[in-house]
Amino acid sequence: MTTSESPHIVYVDDDAALLDLGETYLRKLSSFEVTTCSDPTAALDIVRDSDIDCVVSDYDMPAMTGVELLETVREEHGSLPFILFTGKGSEEVASDAISAGVTDYLQKQPSSEQYELLVNRIENSVSEHRATRRAERYETVLEALGYPVYVVDERGRFTYVNDAFADLSGYAVDEILGSGPELVKDDADVQKAASELGGVLSSSGPDTTQFEIELRTADGEAVPCRDHMGYLPYEGEAFRGSVGILRNISGERARRDELARDEHIIRAAGDPVYSLDADDRFEYVNDAFVELVGHDRDRVLGSHLSSYLPDADYETYESLRASLGDGAETDRLTFETQLLAADGDGRDRVPMECHLTLLHDDGCEVVGTTGILRDISERLAQEAELSLMRRAIDEASVGITITGPSEDDCPIVYANAAFEELTGYDADEILGENHRVLQGPDTDEEECERFREAIADEEPCSIELLNYRRDGTPFWNHCEITPVHGDDGRVANYIGFQREVTERNARQRLLERQNERLSEFTRVVSHDLRTPLTTARGYFDIVAESPGDADAEDLRKLGRSLDRVEELLSDLTTLATQGETVVETEPLDFRRAAERAWETVPTDDAELRFDRTAGGASRTIAADESRLRQLLENLFENAVAHGGPEVTVTVGRTRNGFFVEDDGDGFPADRSPAECFEAGVSERRGGGLGLAIVKRIAAAHDWTPTAERGSAGGARFVFTESATAAGPPARRQRSDD
């Protein structure tokens, strides 16, 4: 890293000597800016007040442990790199640190090599964190643009389009990628784009260009667009392609036509009309404008617009005017102002609505503006009483609906924009419907009955329901209803509030899983690890007492005990990494995934079969490929280990999941099959952590695993997809679809 990019590190250790030693090594081995601190509480203040790139902390400190400091940093600063650099090395500390989200974990060693390793871990953590933040910023900018974006390679083939481009064209993203521009343009526009790109690539050409095309959609519609094109940075002398942003200008054209019609109507109706030059001086006013301001036409022409507007209104006009022009979404706007009429100290202020449009010459240069004025005095008087209340409801960040209990089935009579965004229903679709339209197969009927009872009792109510958006996507909805009484005391309406709490509930489930995993770690460390460690220590003492007479069998037993410790530690690490929620899945061929997993497992003479009922094993499943294979590998290993080398393993799909079954000895008669998933219970089928890992992978996919006795007496493991994990159900048919 260069000096300008050097990370700012906070190094925390309550031991002054070790703190000084660590700072010395960090400054010697790196260009880091290092701030040292012996008090974890003071370190938190430094992190809050400074631009810190990484925290390095000891563990065993009296005021606050390193893990407690880590938990506070995670709460306040998210993914800020945090490295636990401690002299206390134990599985318990490592487990606590991993659960709290530590970036890295190192034990102190009295050697420069360990500090070189620490510098390397810091640099890697900071680089990855910075890269992630940059990527998030770039992604945010692209999303905020909201415009269709495309990238083509040096052959003119699409290599990237965003969702906005796909929505505009009517093609799926996969249909567009790899195709040429002729998919969405006619020959003339393809040649125009090539010519414009040639001009950009010429030695005297501009870096970017803008030109109009007509985008041909999948339905054959021609959408007029303005293409903003530039080229990708060269790799040496090699041209890599171009990038562009499209802006749909069909609305702009329509608005221009509408303005022409409006001007004709306004002239006939006698509304004030004016035009200004580029310096905001009047070039034209009609008779209605002259009559409104109370001045002769000759006096108005050539005067400045600011002479007829209050200072604050003119500043507002200038700001709005500056927002128009090249790159803007429109060259027309409407705003309200007060026009100053007649002379003298008592000039009347007439509230007006101004429809402002830019004027262009033949070269598309802005040469002035034109405006049409409408007196809105009466309208403002009518709207003043209602505007504040309506604006508050319309712009609320939570979904708001109003229902009419006096009508049949208590239909929705109002829905705000936040409700539309939350549910995917447009207001005109939802009006007249009951809230039942949001319910689906997994909606809790008992909670719905609470709502109905509250309505019958004319009382407020608050519940959480699994609801479904218009496209069938499930989400958790915090719903509240409150009765609104009319002047006669009767309930005239119910006002409802909806707020999505899916992420909050997911965080709660994740926390519960983390707590369960921590409990399992404690159980494994206290039971399975203690036994081989005790055994190893015993044989070590035997050998140590008489090293010259060491028995080979004692040494082998010592080695087997240590191998078991290593195996359990490896399983613990795997179990820890499988407890996170799977964020992205892909449709996988379940049979192919099973075959690949079988190939990687030592199966001796065992046989893999595929069930041919309920669609067999050929149906696709939404999963993370790596984790699904590990789940199947563990189940296959478990079957061979407990069913013998000639065991037969059968896999297949169910209506809402899949199963793995063997014809081995099955589960002990005196124990429940469900106990096999418990970590650290080595004497039961599954042994140690293999099936605990299976359980964690299933939980990460939001699958429910169950163990039962198979039809042939062996073990059968069934995995059921939840409503949210399996993807949205088939869209519910509506009468107006």
Side-chain angles (χ1 to χ4, degrees), residues 167 170 219 221 251 254 379 382-383 385-502 723-724 727-737:
D167 292 341
D219 295 333
E221 180 185 358
R379 192 200 75 192
Q382 295 174 344
E383 294 179 351
E385 184 178 353
L386 299 175
S387 61
L388 181 60
M389 178 185 66
R390 185 171 187 85
R391 187 164 59 251
I393 295 176
D394 289 344
E395 297 177 2
S397 60
V398 298
I400 298 177
T401 55
I402 298 176
T403 56
S406 61
E407 302 178 40
D408 292 339
D409 208 26
C410 199
I412 298 172
V413 297
Y414 169 82
N416 70 345
F419 180 87
E420 294 179 77
E421 182 178 356
L422 174 65
T423 65
Y425 287 93
D426 293 332
D428 56 355
E429 293 179 293
I430 206 70
L431 296 184
E433 297 284 349
N434 186 277
H435 280 90
R436 284 191 304 275
V437 73
L438 301 179
Q439 298 175 19
D442 293 313
T443 302
D444 191 333
E445 180 58 28
E446 292 183 3
E447 292 295 289
C448 294
E449 183 61 27
R450 285 184 56 204
F451 250 168
R452 289 190 285 268
E453 291 175 359
I455 292 174
D457 296 335
E458 299 185 351
E459 294 179 350
C461 185
S462 175
I463 62 172
E464 285 188 9
L465 281 178
L466 182 65
N467 280 161
Y468 295 80
R469 296 185 174 91
R470 193 184 193 283
D471 62 359
T473 305
F475 69 100
W476 283 100
N477 191 3
H478 181 85
C479 312
E480 298 181 29
I481 59 168
T482 301
V484 179
H485 297 82
D487 294 336
D488 58 359
R490 297 181 180 179
V491 174
N493 298 98
Y494 282 93
I495 184 167
F497 303 88
Q498 293 82 24
R499 178 166 52 88
E500 183 172 3
V501 292
T502 305
T724 53
R731 179 177 150 191
R732 302 180 302 287
Q733 191 70 22
R734 287 170 43 84
S735 60
D736 56 343
D737 280 351

Chemist: Find the distance between CZ (Arg470) and OG1 (Thr473) and round it off to the nearest 0.5 Å.
Modeler: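 OG1 of Thr473 is found 12.0 Å from CZ of Arg470.
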Chemist: Quick one: does Thr443's side chain have a donor or acceptor within less than 3.5 Å of a partner on Leu466's backbone?
Modeler: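 Yes, the answer is positive, given that a donor and an acceptor are paired below the 3.5 Å cut-off.
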Chemist: Calculate, to the nearest 0.5 Å, the distance between atoms CD1 and CD1 belonging to Ile412 and Ile402 respectively.
Modeler: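 Spacing of CD1 (Ile412) from CD1 (Ile402) equals 11.0 Å.
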Chemist: Taking side chain to side chain contact (heavy atoms under 4.5 Å, CB included) as the test, write out the residues that go with Leu422, two or more places apart.
Modeler: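 If we apply the side chain to side chain contact (heavy atoms under 4.5 Å, CB included) test to Leu422, skipping adjacent residues, the hits are Arg469, Phe475, Asn477, Gln498, Glu500.
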Chemist: Testing the basics here: between Ile481 and Ala454, what is the closest heavy-atom pair and its distance to 0.1 Å?
Modeler: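 Shortest heavy-atom contact: CD1-CB, 4.5 Å.
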Chemist: Got a sec, which residues hit side-chain hydrogen bond (donor to acceptor under 3.5 Å, both in side chains) with Glu458, two or more places apart in sequence or on another chain?
Modeler: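 Result, side-chain hydrogen bond (donor to acceptor under 3.5 Å, both in side chains) vs Glu458: none returned.
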Chemist: What distance separates Ile455 CD1 from Thr403 OG1, expressed to the nearest 0.5 Å?
Modeler: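 Between atom CD1 of Ile455 and atom OG1 of Thr403 there are 6.5 Å.
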Chemist: How many angstroms lie between OG1 in Thr401 and CG in Leu431, if you round to the nearest 0.5 Å?
Modeler: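 Spacing of OG1 (Thr401) from CG (Leu431) equals 10.5 Å.
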Chemist: Go through the structure and list residues passing side-chain hydrogen bond (donor to acceptor under 3.5 Å, both in side chains) with Glu453, not counting sequence neighbours.
Modeler: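 side-chain hydrogen bond (donor to acceptor under 3.5 Å, both in side chains) check on Glu453 returns nothing, list empty.
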Chemist: May I have the step-by-step check of side-chain contact (heavy atoms from CB on, under 4.5 Å) for Ile495 and Tyr414, ending in yes or no?
Modeler: CA-CA 9 Å; Ile495 184 167; Tyr414 169 82; over 6 Å; no
Chemist: Quick one: closest heavy-atom pair of Ser462 and Arg450, and the distance?
Modeler: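 So the minimum-distance heavy-atom pair works out to O-NH2, 3.5 Å.
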Chemist: Which residues pass the side-chain hydrogen bond (donor to acceptor under 3.5 Å, both in side chains) test with Arg452, sequence neighbours left out?
Modeler: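 side-chain hydrogen bond (donor to acceptor under 3.5 Å, both in side chains) check on Arg452 returns Glu445, Glu449.
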Chemist: A quick test of your reading: do over 12 heavy atoms of other residues, nucleotides or ligands sit less than 6.0 Å from CD of Glu480?
Modeler: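 Enclosed.
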Chemist: Donor-acceptor pair, distance only, cut-off 3.5 Å: does the side chain of Tyr425 make one with the backbone of Phe419?
Modeler: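 Here the side-chain-to-backbone pair does not exist.
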Chemist: Go through the structure and list residues passing side chain to side chain contact (heavy atoms under 4.5 Å, CB included) with Pro411, not counting sequence neighbours.
Modeler: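 Only Glu407 meet the side chain to side chain contact (heavy atoms under 4.5 Å, CB included) criterion with Pro411.
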Chemist: List the atom of Ala415, the atom of Ala427, and the distance in Å for their closest heavy-atom pair.
Modeler: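 Between these two residues, the closest heavy atoms are O-CB, 4.3 Å.
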Chemist: Please check: side-chain N/O of Asp219 versus main-chain N/O of Glu221, any donor-acceptor pairing under 3.5 Å?
Modeler: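 No; judged by distance alone, with no hydrogens or angles, the pair does not exist.
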Chemist: Nearest 0.5 angstrom please: Asp444 CG to Asn467 CG, how far?
Modeler: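 Answer rounded to 0.5 Å: 11.0 Å.
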Chemist: So, do Thr482 and Val484 sit near enough that their side-chain heavy atoms are less than 4.5 Å apart?
Modeler: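 They are not in contact (no side-chain heavy atoms under 4.5 Å apart), so the answer is no.
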Chemist: Looking at residues at least two apart in the chain, or sitting in another chain, which of them share a salt bridge (Lys or Arg N to Asp or Glu O under 4.0 Å) with Glu459?
Modeler: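 If we apply the salt bridge (Lys or Arg N to Asp or Glu O under 4.0 Å) test to Glu459, skipping adjacent residues, there are no hits.
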Chemist: Can you tell me how far the CD atom of Glu446 sits from the CG atom of Leu465, to the nearest 0.5 Å?
Modeler: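 If we round to the nearest 0.5 Å, Glu446:CD and Leu465:CG are 11.5 Å apart.
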Chemist: Is the backbone of Asp428 close enough, under 3.5 Å, to the side chain of Asp426 for a donor and an acceptor to pair up by distance?
Modeler: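 Judged by distance alone, no pair lies under 3.5 Å.
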